[in-house]
K.L.:
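Questions regarding the structure given below will be posed in turn.
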Amino acid sequence: AVDAEDEALDALVDEIEGSLYATVNRDRADPRYRRYFKRPRNEVLRQALESELETVRDWPKSLKSEPEAELQALGKQLERRIASGDATVAERRTAAATRADHRVRDILPFIDAVNGARQLLYGALVTRGQKEGLHKSWAEGFFRKRPVKRTPEATPDAPASAPPTA
């Protein structure tokens with residue numbers, strides 16, 4: 001939903017830029033153009049939804065006060081798009097909070113319970129292995145191990161890294 005809102009806002013900002021550009025006779029240095037596009041159009045469009053919403057938040061009031069009917073209509077559209085974008089961002093925040101709550105209330109206690117059961121089972125296997133006279137690592141064979149990622153170690157034959165040059 002956030003991506004769709006961002007794309008819709010980008011399309012509207014692009015339309016606003018085109019109308020404004022035509023209105024100021026293709027002069028990007030014109031103060032009316034610079035009022036909205038202090039930065040290049042592509043930098044505004046490149047922003048994520050939340051950042052772009054903050055960039056364009058005060059545009060609707062100004063656009064609705066422009067003398068051209070086209071810009072006034074775009075100001076009204078932008079006002080609705082900002083409200084829609086804000087609602088989508090709020091939904092994402094709510095979803096993130098719900099996910100965090102689920103993690104700390106349900107998932108982490110489950111992980112702790114599974115680890116506790118695993119440790120109890122390991123203890124029972126170690127005890128049984130000792131009674132049966134099995135190798136001391138016998139109990140560890142029942143548990144999967146993650147591969148250990150190792151960073152390459154410097155060998156005595158490897159040249160030391162060169163100091164940074166200025």
Side-chain angles (χ1 to χ4, degrees), residues 1-116 118 144-166:
V2 170
D3 289 343
E5 281 296 327
D6 188 38
E7 286 183 24
L9 180 60
D10 287 347
L12 184 55
V13 168
D14 204 30
E15 187 176 350
I16 291 168
E17 193 275 341
S19 293
L20 203 54
Y21 187 62
T23 300
V24 298
N25 297 319
R26 301 170 60 135
D27 180 12
R28 288 195 170 96
D30 187 284
R32 283 180 71 195
Y33 183 89
R34 301 290 297 164
R35 156 63 184 98
Y36 301 99
F37 291 92
K38 295 170 181 65
R39 294 182 290 165
R41 173 191 138 284
N42 64 325
E43 286 184 20
V44 174
L45 297 178
R46 193 177 329 148
Q47 296 177 34
L49 179 61
E50 285 186 72
S51 302
E52 191 172 349
L53 284 170
E54 292 310 311
T55 299
V56 302
R57 190 165 302 283
D58 64 337
W59 291 10
K61 186 175 181 181
S62 296
L63 284 168
K64 290 190 295 186
S65 69
E66 292 286 353
E68 294 80 13
E70 182 181 3
L71 292 176
Q72 292 172 7
L74 288 171
K76 291 175 186 174
Q77 287 179 32
L78 183 58
E79 192 170 54
R80 289 189 298 271
R81 180 60 53 208
I82 288 171
S84 178
D86 285 341
T88 302
V89 168
E91 288 174 16
R92 178 173 63 182
R93 287 185 182 135
T94 300
T98 301
R99 185 176 55 247
D101 290 344
H102 173 66
R103 180 158 185 79
V104 298
R105 291 182 187 146
D106 298 327
I107 295 174
L108 293 178
F110 174 74
I111 290 171
D112 289 343
V114 168
N115 282 334
R118 183 185 57 79
R144 188 182 217 177
K145 296 200 188 255
R146 277 190 187 157
V148 177
K149 291 184 180 178
R150 296 182 184 197
T151 57
E153 294 180 18
T155 59
D157 298 340
S161 60
T165 58

K.L.:
Please identify each residue that fulfils side-chain contact (heavy atoms from CB on, under 4.5 Å) with E91, with sequence neighbours left out.
P.N.:
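side-chain contact (heavy atoms from CB on, under 4.5 Å) list for E91, sorted by chain: empty.
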K.L.:
Check S19 against L71 and note the closest heavy-atom contact, atom names and distance.
P.N.:
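Taking S19 first and L71 second, the nearest heavy atoms are CB-CD2, 3.9 Å.
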K.L.:
Shortest non-hydrogen contact from S62 to S65?
P.N.:
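The answer is O-OG, 2.8 Å.
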K.L.:
Between R39 and R46, is the side chain to side chain contact (heavy atoms under 4.5 Å, CB included) condition met? List the steps.
P.N.:
CA-CA 11 Å; R39 294 182 290 165; R46 193 177 329 148; over 6 Å; no
K.L.:
Residues in side-chain contact (heavy atoms from CB on, under 4.5 Å) with E54, at least two apart?
P.N.:
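E54: side-chain contact (heavy atoms from CB on, under 4.5 Å) contacts with R57.
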K.L.:
Looking only at non-hydrogen atoms, find the nearest pair between P60 and G75 and report the distance.
P.N.:
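In this case the closest contact between P60 and G75 is CB-O, 3.5 Å.
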K.L.:
Considering residues at least two apart in sequence or located in another chain, which fulfil the side-chain contact (heavy atoms from CB on, under 4.5 Å) criterion with K61?
P.N.:
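Result, side-chain contact (heavy atoms from CB on, under 4.5 Å) vs K61: none returned.
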K.L.:
In chain order, what residues pass the salt bridge (charged side-chain N to carboxylate O under 4.0 Å, His left out) check against R35, with sequence neighbours excluded?
P.N.:
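In terms of salt bridge (charged side-chain N to carboxylate O under 4.0 Å, His left out), with neighbours along the sequence ignored, R35 is linked to D58.
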K.L.:
Scan residues 60-116 for pairs that pass ring pair (Phe, Tyr, Trp, His ring centres under 6.0 Å), counting only residues two or more places apart or in two chains.
P.N.:
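The answer is none; no pair qualifies.
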K.L.:
Using the side-chain hydrogen bond (donor to acceptor under 3.5 Å, both in side chains) rule, collect all pairs that involve residues 2-13, keeping only residues at least two apart or in two chains.
P.N.:
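Counting only pairs at least two positions apart or across chains, the side-chain hydrogen bond (donor to acceptor under 3.5 Å, both in side chains) contacts touching residues 2-13 are E5-R81, E5-S84.
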K.L.:
What verdict does the side chain to side chain contact (heavy atoms under 4.5 Å, CB included) test give for L78 and L9, after you've listed the backbone C-alpha separation in whole Å, the side-chain angles of each residue and the deciding distance to 0.1 Å?
P.N.:
CA-CA 8 Å; L78 183 58; L9 180 60; 3.7 Å; yes
K.L.:
Using side-chain contact (heavy atoms from CB on, under 4.5 Å) as the criterion, list what pairs up with R118, not counting sequence neighbours.
P.N.:
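Per chain and number, R118 pairs via side-chain contact (heavy atoms from CB on, under 4.5 Å) with N115, F143.
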K.L.:
Quick one: list whatever passes salt bridge (charged side-chain N to carboxylate O under 4.0 Å, His left out) with R103, sequence neighbours left out.
P.N.:
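Result, salt bridge (charged side-chain N to carboxylate O under 4.0 Å, His left out) vs R103: none returned.
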K.L.:
Which value, rounded to the nearest 0.5 Å, describes the distance between E70 atom CD and E15 atom CD?
P.N.:
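The CD atom of E15 is 7.0 Å from CD of E70, to the nearest 0.5 Å.
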K.L.:
By salt bridge (charged side-chain N to carboxylate O under 4.0 Å, His left out), which residues pair with E68, not counting sequence neighbours?
P.N.:
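Partners of E68 by the salt bridge (charged side-chain N to carboxylate O under 4.0 Å, His left out) criterion, ordered by chain and then number, come out as R32.
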K.L.:
Quick check for you: to the nearest 0.5 Å, what is the distance between D30 atom CG and N25 atom CG?
P.N.:
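Between D30 CG and N25 CG, I get 8.0 Å after rounding to 0.5 Å.
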K.L.:
Side-chain contact test, heavy atoms from C-beta onward, threshold under 4.5 Å: evaluate it for R28 versus E17 and give yes or no.
P.N.:
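In short, these two side chains touch, coming nearer than 4.5 Å.
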K.L.:
Please report the shortest heavy-atom distance between L49 and G85, naming the atom on each side.
P.N.:
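In this case the closest contact between L49 and G85 is CD2-O, 4.1 Å.
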K.L.:
E79: what forms a salt bridge (charged side-chain N to carboxylate O under 4.0 Å, His left out) with it, not counting sequence neighbours?
P.N.:
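With neighbours one apart ignored, the set is K64.
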K.L.:
From T23 OG1 over to I16 CD1, what is the distance, rounded to the nearest 0.5 angstrom?
P.N.:
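Answer rounded to 0.5 Å: 11.5 Å.
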K.L.:
Applying side chain to side chain donor-acceptor pair (under 3.5 Å), can you list everything that pairs with K76, at least two apart in sequence or on another chain?
P.N.:
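Here no residue qualifies.
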K.L.:
State the CG-CD1 distance between D101 and I107, to the nearest 0.5 angstrom.
P.N.:
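Between D101 CG and I107 CD1, I get 11.5 Å after rounding to 0.5 Å.
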K.L.:
Can you run down the ring pair (Phe, Tyr, Trp, His ring centres under 6.0 Å) pairs that involve residues 39-78, sequence neighbours left out, and say none if there aren't any?
P.N.:
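Every ring pair (Phe, Tyr, Trp, His ring centres under 6.0 Å) pair that includes a residue of residues 39-78, provided the two are not neighbours, is Y36-W59, F37-W59.
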